[in-house]
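Naming convention: chains lettered A, B, ... in sequence-line order (proteins, then strands); numbering from 1 in each chain. Being a predicted model, the structure only gives us computed values, none of them experimental.
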Protein chains: 2
Amino acid sequence: MNLSETILIIDDEVQIRRLLEITLSSSGYKISEAATGKDGLIAAATHHPALIILDLGLPDSDGIEILKKLREWYQKPIIILSARNSEEDIVHALDNGANDYLTKPFRTGELLARIRVAIRQNLGADDNPILTFGSLSIDLANHTARKNGEILKLTSTEFSLLALLAKNSGRVMTHQNILKEIWGFGYVGQTQYLRVFVAQLRKKIEDDPAKPQLLITESGIGYRFHE
Amino acid sequence: MNLSETILIIDDEVQIRRLLEITLSSSGYKISEAATGKDGLIAAATHHPALIILDLGLPDSDGIEILKKLREWYQKPIIILSARNSEEDIVHALDNGANDYLTKPFRTGELLARIRVAIRQNLGADDNPILTFGSLSIDLANHTARKNGEILKLTSTEFSLLALLAKNSGRVMTHQNILKEIWGFGYVGQTQYLRVFVAQLRKKIEDDPAKPQLLITESGIGYRFHE
DNA sequence: TCTTCCTTTATAAAATCTTTATAACCAAAG
DNA sequence: CTTTGGTTATAAAGATTTTATAAAGGAAGA
């Protein structure tokens with residue numbers, strides 16, 4: 001789902017940045033960091049992160065000012081992470097464009113959940129990768145393949161095989177490799193399986209299965225998907 | 001700014017309701033109240049509030065269940081207001097569709113600011129979404145489905161299943177996913193349930209249940225709703 | 001009580017996977 | 001040019017898994 005979206009951390013405390021870096025990257029996010037408000041603004045403009053975590057207590061500038069500056073052009077979620085706990089600070093930050101406000105010390109699980117909420121609400125930039133090869137398109141997230149716009153009726157194994165080859169298009173995949181990926185270790189050697197499924201797949205995806213243009217045989221080695 | 005939008009308060013403590021009523025109405029919101037989860041669901045369906053404030057510790061039911069039920073059709077913000085302060089509760093609520101989570105005792109100014117954030121983010125969201133698939137239409141807010149204009153008589157489970165699949169139309173949903181969403185975590189594995197309900201649903205929504213056009217079987221994987 | 005809906009069970013039908021058989025292909029050697 | 005050995009393609013039979021459907025039993029509420 002989140003195929004490595006970038007989160008920008010603007011915080012002067014190196015321990016916090018370290019902690020967040022570990023927590024967030026182990027949840028599959030890419031991380032970008034800045035220790036000052038100035039650097040934060042530059043980093044935001046450079047990397048266009050999917051979300052920003054902003055500390056209000058920055059040494060070089062008032063956090064609220066950074067928030068306002070960001071909000072002049074940055075539409076995506078901003079979560080405030082601050083040691084300040086007064087109602088005035090919280091209300092002020094939220095009214096100036098922050099999406100959420102957590103006080104330090106914070107609980108990492110809660111922060112992650114609040115990040116998920118923020119990103120979930122900001123959907124629309126919801127791009128799922130679709131592999132396209134001429135009139136054939138493969139939607140990996142939705143588990144569907146189309147030929148000339150028509151959804152193809154593929155079995156689960158056929159789809160796995162097609163997806164594997166398509167993901168490695170242009171590259172020759174050996175019989176052993178394919179068998180290991182689709183059927184598992186024990187099936188290396190059952191090249192006949194593969195031939196049967198390749199033939200079935202060609203009947204469904206090729207214009208002329210006898211003269212395959214997409215799923216090419218590499219005799220003695222394996223198969224290759226044409227780019 | 002606030003064109004007297006209605007906020008629904010679902011909380012069993014009368015003092016909290018009184019406090020919120022005063023606070024929110026003096027900020028220009030209209031108020032609707034419910035003391036139990038059941039009444040809350042009814043009030044939400046009746047008044048279509050712009051935002052819901054939900055207490056998790058309701059006497060008659062698990063707050064999370066109310067949250068899930070609301071989220072089956074209610075797209076607008078839901079803010080949790082709860083005495084429970086464990087990270088587990090917070091994460092669980094946020095991951096089940098809550099927009100924000102405040103613990104009691106709360107600060108009214110902060111609550112108001114968080115309400116403003118939630119409503120601000122919800123601007124431009126569509127009001128009464130009706131999913132349409134040929135002669136079939138599904139009104140999530142009113143919990144009704146029509147075939148050729150006729151209201152279909154669906155049980156609550158059947159409607160949940162239909163709504164889930166329709167909301168994810170075009171995407172293959174695995175048995176496990178569907179079972180988890182509709183029946184809960186413990187029912188993953190009970191694929192036979194699903195088959196029975198799919199057959200029942202097809203009898204009601206398909207022109208020819210033996211040749212389904214809408215609710216497609218993906219053998220070995222799950223089901224897919226036609227786009 | 002009666003009705004409605006959920007759950008479980010049983011069984012037939014359909015879809016998919018595996019295996020087998022055979023034909024076709026292709027390059028190298030005779 | 002023909003043969004030969006290795007590889008690949010394809011159809012089709014069989015075995016296995018998965019799915020559809022009816023129907024019976026049970027729980028809950030009117």
Side-chain angles (χ1 to χ4, degrees), chain A residues 143 145 151-162 165 172-176 178-179 181-184 186-225, chain B residues 38 41-42 60-61 65 69 143 145 151-162 165 172-179 181-184 186-225:
Chain A
H143 225 260
I151 289 184
L152 292 174
K153 205 181 164 314
L154 299 177
T155 74
S156 141
T157 308
E158 284 164 4
F159 185 85
S160 303
L161 178 58
L162 175 60
L165 288 164
V172 179
M173 298 207 71
T174 65
H175 298 132
Q176 285 71 29
I178 299 171
L179 284 161
E181 290 287 331
I182 309 280
W183 282 273
Y187 290 74
V188 178
Q190 302 274 12
T191 43
Q192 185 54 21
Y193 271 31
L194 197 45
R195 299 214 176 90
V196 172
F197 277 88
V198 164
Q200 271 171 0
L201 203 46
R202 279 178 177 153
K203 278 200 284 195
K204 297 182 181 180
I205 65 169
E206 296 281 359
D207 292 322
D208 178 5
K211 293 184 173 36
Q213 301 297 308
L214 290 165
L215 211 172
I216 317 285
T217 301
E218 294 286 344
S219 192
I221 310 171
Y223 294 93
R224 175 170 55 85
F225 211 77
Chain B
K38 207 172 179 180
L41 288 172
I42 295 167
D60 67 324
S61 46
E65 290 308 313
K69 282 237 168 60
H143 241 251
I151 289 186
L152 292 174
K153 201 178 168 315
L154 298 177
T155 72
S156 111
T157 309
E158 284 164 3
F159 185 85
S160 301
L161 179 58
L162 176 60
L165 288 164
V172 177
M173 298 207 71
T174 65
H175 298 130
Q176 287 71 28
N177 248 313
I178 300 171
L179 285 161
E181 291 288 331
I182 309 279
W183 281 274
Y187 290 74
V188 178
Q190 302 275 8
T191 43
Q192 187 53 23
Y193 272 31
L194 196 46
R195 299 213 178 91
V196 173
F197 277 87
V198 164
Q200 272 170 0
L201 203 46
R202 278 179 178 153
K203 279 200 282 196
K204 297 182 181 180
I205 65 169
E206 296 281 359
D207 292 322
D208 178 3
K211 293 185 173 36
Q213 302 296 307
L214 290 165
L215 211 172
I216 317 285
T217 300
E218 294 285 344
S219 191
I221 311 171
Y223 294 93
R224 176 171 52 85
F225 211 76

Checklist line | Donor-acceptor contact below 3.5 Å, side chain B:Glu206 vs main chain B:Leu215 | finding: yes

Note to self: Of the listed nucleotides (C:dC6, D:dT19, C:dT9), which one gets closest to any side-chain atom of B:Val196?
What the structure shows: C:dT9

Item checked: Nearest-nucleotide pick for A:His175, side chain only, options being D:dT8, D:dT21, D:dT18 -> D:dT8

Next item on the list: Map A:Lys203 and A:Glu218 onto DNA chain D by nearest heavy atom, then report which one ends up closer to the 5' terminus.
Entry: A:Glu218

Next item on the list: Select from B:Glu158 and A:Gln200 the residue whose nearest nucleotide in DNA chain C is closer to the 5' end of that strand.
Entry: B:Glu158

Check: Looking at B:Thr217, does any N or O in its side chain come under 4.0 Å of the phosphate oxygens OP1/OP2 on D:dA20?
Finding: yes

Notebook entry, point to check: Of B:Ser219 and B:Phe197, whose closest DNA chain C nucleotide lies nearer the 5' terminus?
Noted result: B:Phe197

Notebook entry, point to check: So with a 6.0 Å cut-off around NZ of B:Lys204, is the heavy-atom count from everything else above 12?
Noted result: yes

Checklist line | Nearest-neighbour nucleotide for the B:Trp183 side chain, C:dT18, C:dT7, D:dT18 considered | finding: C:dT7

Margin query: Below the 4.0 Å mark, does D:dT10 have OP1 or OP2 next to a side-chain nitrogen or oxygen of A:Arg195?
Written below: no

Next item on the list: From the options C:dC17, D:dA20, C:dA21, select the nucleotide whose nearest atom is closest to the side chain of A:Gln192.
Entry: C:dA21

Checklist line | Distance test, side-chain N/O of A:Tyr193 to OP1/OP2 of C:dC17, below 4.0 Å | finding: no

Item checked: N or O in side chain of B:Thr155 less than 4.0 angstrom from C:dC6 OP1/OP2 -> yes

Checklist line | Candidates D:dT19, C:dC6, D:dA22 - which lies nearest the side chain of B:Thr157 | finding: C:dC6

Checklist line | Phosphate OP1/OP2 of C:dC6: any B:Tyr187 side-chain N/O under 4.0 Å | finding: no

Notebook entry, point to check: Picking from C:dT18, D:dA9, C:dC5, which would you name as closest to the side chain of B:Lys153?
Noted result: C:dC5

Check: CG of B:Leu154 versus P of C:dT4: gap in Å, rounded?
Finding: 15 Å

